[in-house]
Every structure is written in structure tokens, then in C-alpha cells.
Amino acid sequence: MQKSPVVIIWAGLAVAAVTGIAIAPKIIGLSVIDSLNAHVAQINDIPPYKAMVKEVNSGWFNSSAVITVSVSFPEMDAEQQTFTFDLNFDAQHGPVLMGESLTFGREAWSLSYQGENLRSNLDFAADQAFYVFNAKTDLLGSTAISDHIVPFNIQTTENDEPVSLSFSGYQGSGDVHGNNITYIANIDKVSIDSTNKQANIDNIHVDSQLKANMEQIFSGEMYDSLVKVTIASMSFTDSENPSLNSNIQNTLLSGESVTDRNKKIFHILSSYSVERYDVMGSVGQDLRLNVDMKNLSSDFIKAYQAQIQNVVKNPQSDPNAVQQQLMDFLNNNLLDLLIASPEFNIAQVSGNLEQGKFNGQLFTKLVNITHLPDNLLDNAFWLSHLQASTHIELEQSVAEMIAVLVLESQLKANPELAQATPEQINEIAMQQAPIMLQNLEQQGLLEATAEGYQLVAELKDSQANINGNPIPLPIP
């Protein structure tokens, strides 16, 4: 009996699907090993790492390999020069992935470090690898990643006193989709205990977003990124000396990079803040420091990375040769950095101390540079191209505190006060601090405000002033 064309078509599709499912794992397996070899080759281009793939087993539905990684430390003595360890690589080939449950995907793989050579110093679960990284790529090419470090403890002695360190473990997860990588990680607690002292770091959280692929990351290429690290609490207690007790709440460290590929420049924006602190009796809140580096030349950074790799691969013991390497690098590449008009800015430094509030800004920029000076130490050249401005505001009590600290430093260096106690030094400094501030105000270096003092300074076209008062510059 003649079969229907529809039946024939469906039968053909079924055969094609089964054939594809049967053949695809082997094709995917070959690409997995090729990708592994490519990434290892990229690692070998990054000093001081060396990696080698060995013990490769490529089956129809899975593959495995052992990667030996060596990290060299040239400055250490010969016996400790190189640290070598093995990573176990295991992969499943799609489109059908048979792990803890049956799922569909292109591939799934894991990289693990057993950490057996660490067990002489670290105590962690006997049936677990020290570190594991997992990745699963779906049929559309998106990859889900996760990694973890097992909890561990360290027992040691310091000055004949037992010391223990406890690490709660590390858990991370994220996604890789095209040129976008997101990743978050957590550490619940790190603690160090001795007989009378204890230090704790609680709830460390990392949140990162990268607009890059793995090839860009390995190659050192610049890309857009935002990384935030928060620490809920850091504390230190000393039962023998409570004056050293300290506690810092809600610390934030943030770093952002922004690239402009058309102009071949990038910016690095950093932020540091503390919500509250009580450190050895000094208390305060709302501390903030924002530091920006802008208009950095991508070409200069690439040349600098290449220079570092060259120095690591070909170390020089002759100081004159090292100096010559540096000068050659600057003469060949410094102009790329300067033409871009780089900026270094403290966009904000502020806080609320026990004594009062302070706030400040500093902006610096090199402009209109088209050539290098014959002498890189030519002050007149740099001052003619430097633009800078600053604005600092201090409440009265904060200004007095800074004056006391400066005077104490000067008084301690005075031979005539070598026998004076810290209390006597402090008393003299507190008596002289108002006089010092009054003198600075009379000289125009400080300007009185309703709350305390301010300083406004500017440098442009080789001309400088503080609070509107001209300041001579060291120009011949």
C-alpha cells in the first residue's frame, strides 16, 4: 500500500531529529575541547600563569580533562618559586543533558580544584572539592554559571598563642549572554579568634555587571563594567585592651569603567563609603570618597600591559637596564596618554565626624599637550598644561582637630620636647591650634565662614590663587 506523503515527511523529520540528537553530542564535544584549549592558550599569555591540558578523554556524551596550572613568584626563593595545582574539567554534551535531572542544552561543564595540598593547613569537608565552578549553556547560547568555595577552618599559633580562622564559604552565581555578564556572590562570615582578641567580617556581597565576552576579559581589553562590594559589618574586640575595640558598619566599595571606543579612551569611577564607624574611640558617620580617573588612553594601557608582560617574562637585575626600559616606554607611549587630556578628580570627600562635618573636592586635568618636553622633569612645561581647582569646607571643630594633629606631629619632631609625654604634647598643640588657624586666615590661606573655614584654590595657565590671593609658582 502506498504511504501518504505526510507520513513520509513526518518519518523523514523524525529520522533527521533522531540523527541530529545522536550526532550533535560528538560535534559539541569536539567544540568543548577546542574551546578549552583556546582558553588555556589565553591563560598562558598572562604572566605569571602557565596552564597545560592533559589526560583528555572525549566521549560521545561527555568529556573530561585535567588542567595543570602553575603560578610563578620570581621574587621568592627557589624552593617556593612556583605553586602548581590541578583542575579537573568535566563536560556533558547536548542537546540532551543528563545531570541530576534530564534537561536540554548545548553543553554543561564544571571545573573543580580538590585542594588536597591545602589540607595540611586547612580543615574542610573530606568529601568535597575546595572550589567548584559550574556552567550550563542553553540551546540559544546563554550560559548560567555558579561557583563556590567550601567552608574551612585554620588552626595555628601566633607568639605561642592559639589562633583560629573560620570561613563560612563562598557562593556565586550569574549569567553570560553575548557581551553581557552578570555575577553576584556572598560570604556570610569570616572570623579570627585568639585568647583575648576577636575579629569578624559579616555579610560580604559582590554584585557585578560586565559588558564584555570572555575573549575580551582574557585579552585585557577595556570594557564597560560596574562592580559593587558591600560589607555589612567589620569588628575587632580586645578584652585586655578595650580601647582598641572597633566597629565599622555598612561599607561600600564601587568601581565603574566606561569606554568610548570611538575616541579610544575610558574612564574609571571609584566610590568608597562607610555608614557608621567607632574605631578606637573615634566615632563618625557618612564617610565618602569618590575618585574619578577620566580620559585615559586605551592605546597607552595596552602598551603598558604589554610592557608589564615583557618585564615579567624578561626580568632585569641591572638597575640601569630597568631605568632604561622605563624611559624607553615613556618616550614611546606617554604622549598617547597626555594627548587624551587625562583627569584625576576627587569628586567628593566628606564625612560627619564626632567633631563636626567636612567636605571637599579636587579636580585636575592636563590639557593641550601635543608633544613631550625635552626634559620630563620640566616644571614650567607641566604647569603650563595643568588645570586644577579645589574647594574644601571645614566646620570649626574639625579645623581645630586637624590643626592639633599637624602641631602634634611637629612637636614630636622637636628635640627639646623629646621627654614630653603624649598628654603634654596634646596640651601644647591644643593651646597653639587657634593661633595657627588665625595665622592661616590672616595669610589668606583659609577663609572664615559661618560654620568654620573654607579653602578655594585654582591653577590655570601657570597662574595660581588661593581664596583669590595670587600664589607664586616654582617656575624659573
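None of the values given here were measured: they were computed from a predicted structure. Sequence positions, counted from 1, serve as the residue numbers for this chain.
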So, the side chain of Ser142 versus the backbone of His177: is there a donor-acceptor pair under 3.5 Å, distance only?
-> no
Please determine if Arg119 forms a cation-pi arrangement with Phe124, meaning its NZ or CZ atom is less than 6.0 Å from the six-membered ring centre and no more than 45° off the ring axis.
-> yes
Within the side chain of Ser239, is there an N or O that forms a donor-acceptor pair under 3.5 Å with the backbone of Asn196?
-> yes
If we ignore angles and hydrogens, is there a donor and acceptor under 3.5 Å between the side chains of Tyr170 and Asn186?
-> no
Any ion pair linking Lys189 and Asp202 (charged N to carboxylate O, less than 4.0 Å)?
-> yes
Quick one: do Thr68 and Thr84 satisfy side-chain contact (heavy atoms from CB on, under 4.5 Å)? Show the steps, please.
-> CA-CA 7 Å; Thr68 298; Thr84 302; 3.6 Å; yes
Do Glu275 and Gln249 have side-chain atoms, one donor and one acceptor, less than 3.5 Å apart?
-> no
Does the side chain of Glu447 come under 3.5 Å of the side chain of Asn467 through a donor N or O and an acceptor N or O?
-> no
Heavy-atom closest pair, residues Asn134 and Ser110 = OD1-CB, 3.1 Å
For Gln419, does the CD atom sit with more than 12 other heavy atoms under 6.0 Å from it, leaving out its own atoms?
-> no
Separation between OG (Ser273) and CD (Gln285), nearest 0.5 Å, reads 12.5 Å
Under 4.5 Å between any side-chain heavy atoms of Phe329 and Leu334, yes or no?
-> no
Nearest heavy-atom neighbours spanning Gln171 and Gly169 | NE2-C, 3.7 Å
Closest non-hydrogen atoms of Asn180 and Lys211, given as atom of the first, atom of the second and distance, are OD1-CG, 3.8 Å
Compute whether any side-chain donor of one residue and acceptor of the other, for Ser341 and Asn295, lie under 3.5 angstrom apart.
-> no
Grab the two heavy atoms, one from Gln114 and one from Ser112, that are nearest each other, plus how far apart they are.
-> NE2-OG, 3.6 Å
Taking atom types as modelled and ignoring hydrogens, do the side chains of Gln454 and Thr449 form a donor-acceptor contact shorter than 3.5 angstrom?
-> no
Look up atom CG in Asp175 and atom OG1 in Thr182, then write down how far apart they are to the nearest 0.5 Å.
-> 4.5 Å
Taking atom types as modelled, find out whether Asp123 and Gln155 have a side-chain donor-acceptor pair closer than 3.5 angstrom.
-> no
Test: Glu343 and Lys294 ion pair at under 4.0 Å | no
Please report the shortest heavy-atom distance between Glu240 and Asp238, naming the atom on each side.
-> N-OD1, 2.9 Å
Short side-chain to backbone donor-acceptor contact, Glu161 and Thr195, under 3.5 Å = yes
Step-by-step side-chain hydrogen bond (donor to acceptor under 3.5 Å, both in side chains) determination, Tyr277 to Asn247 | CA-CA 6 Å; Tyr277 74 90; Asn247 188 282; over 6 Å; no
Any donor-acceptor pair under 3.5 Å from Asn426 side chain to Pro422 backbone | no
If only atom types and distance count, is the side chain of Asn153 paired as donor or acceptor with the main-chain N or O of Leu122 below 3.5 Å?
-> no
Looking only at side chains, do Ser257 and Ser225 share a donor and an acceptor under 3.5 Å apart?
-> yes
Should Leu459 and Leu386 be marked as a side-chain contact (heavy atoms from CB on, under 4.5 Å) after you check the CA-CA gap, both sets of side-chain angles, and the distance that decides it?
-> CA-CA 7 Å; Leu459 169 63; Leu386 175 62; 3.5 Å; yes
Could you please spell out the steps behind the side-chain contact (heavy atoms from CB on, under 4.5 Å) verdict for Thr390 and Leu455?
-> CA-CA 8 Å; Thr390 186; Leu455 183 150; 3.9 Å; yes
Under the side-chain contact (heavy atoms from CB on, under 4.5 Å) criterion, do Asn121 and Thr156 qualify, and how do the steps go?
-> CA-CA 8 Å; Asn121 298 308; Thr156 185; over 6 Å; no
Between Ser168 and Asp188, is there a donor-acceptor pair closer than 3.5 Å when you use the side chain of the first and the backbone of the second?
-> yes
May I ask you to decide whether Arg261 forms a salt bridge with Glu221, counting only side-chain N to carboxylate O separations under 4.0 Å?
-> yes
Taking the six-membered ring for Trp, are Phe130 and Phe152 parallel (under 30°), tilted (30 to 60°) or perpendicular (over 60°)?
-> tilted
Here the gap from Asp207 atom CG to Lys228 atom NZ, rounded to the nearest 0.5 Å, amounts to 7.5 Å
Indicate the ring-plane relationship of Tyr304 and Phe300, choosing parallel, tilted or perpendicular according to the 30° and 60° boundaries.
-> parallel
At what distance, to the nearest 0.5 angstrom, does NZ of Lys460 lie from CG of Asn465?
-> 12.0 Å
Between Ile67, Leu111, Val132, Val66, which is the residue that forms a side chain to side chain contact (heavy atoms under 4.5 Å, CB included) with Asn88?
-> Val66
So, Thr143 and Thr137: side-chain donor and acceptor under 3.5 Å apart, yes or no?
-> yes
Identify the residue among Val229, Ile231, Thr230 that makes a side chain to side chain contact (heavy atoms under 4.5 Å, CB included) with Leu252.
-> Thr230
Indicate whether the side chain of Lys264 and that of Ser297 have a donor and an acceptor atom separated by less than 3.5 Å.
-> no
Examine the side chains of Asp328 and Gln324 and answer whether a donor and an acceptor come within less than 3.5 Å of each other.
-> yes
Does NZ in Lys302 sit with more than 12 non-hydrogen atoms of other residues, nucleotides or ligands closer than 6.0 Å?
-> no
When rounded to the nearest 0.5 angstrom, what is the spacing between OG in Ser389 and CD in Gln361?
-> 8.0 Å
Any donor-acceptor pair under 3.5 Å linking the side chain of Trp382 with the backbone of Leu376?
-> yes
Would you find a donor on one side and an acceptor on the other, under 3.5 Å apart, between the side chain of Asn414 and the backbone of Glu416?
-> yes
OG on Ser173 to OH on Tyr183, rounded to 0.5 Å = 7.5 Å
Do side-chain atoms of Asp378 reach the backbone of Ala380 as a donor and acceptor pair under 3.5 angstrom?
-> yes
Kindly say whether Asp160 contributes a backbone atom to a donor-acceptor pair with the side chain of Thr157 at under 3.5 angstrom?
-> no
Can you see which heavy atom on Leu244 is nearest to which on Phe236, and at what distance?
-> O-CD2, 3.5 Å
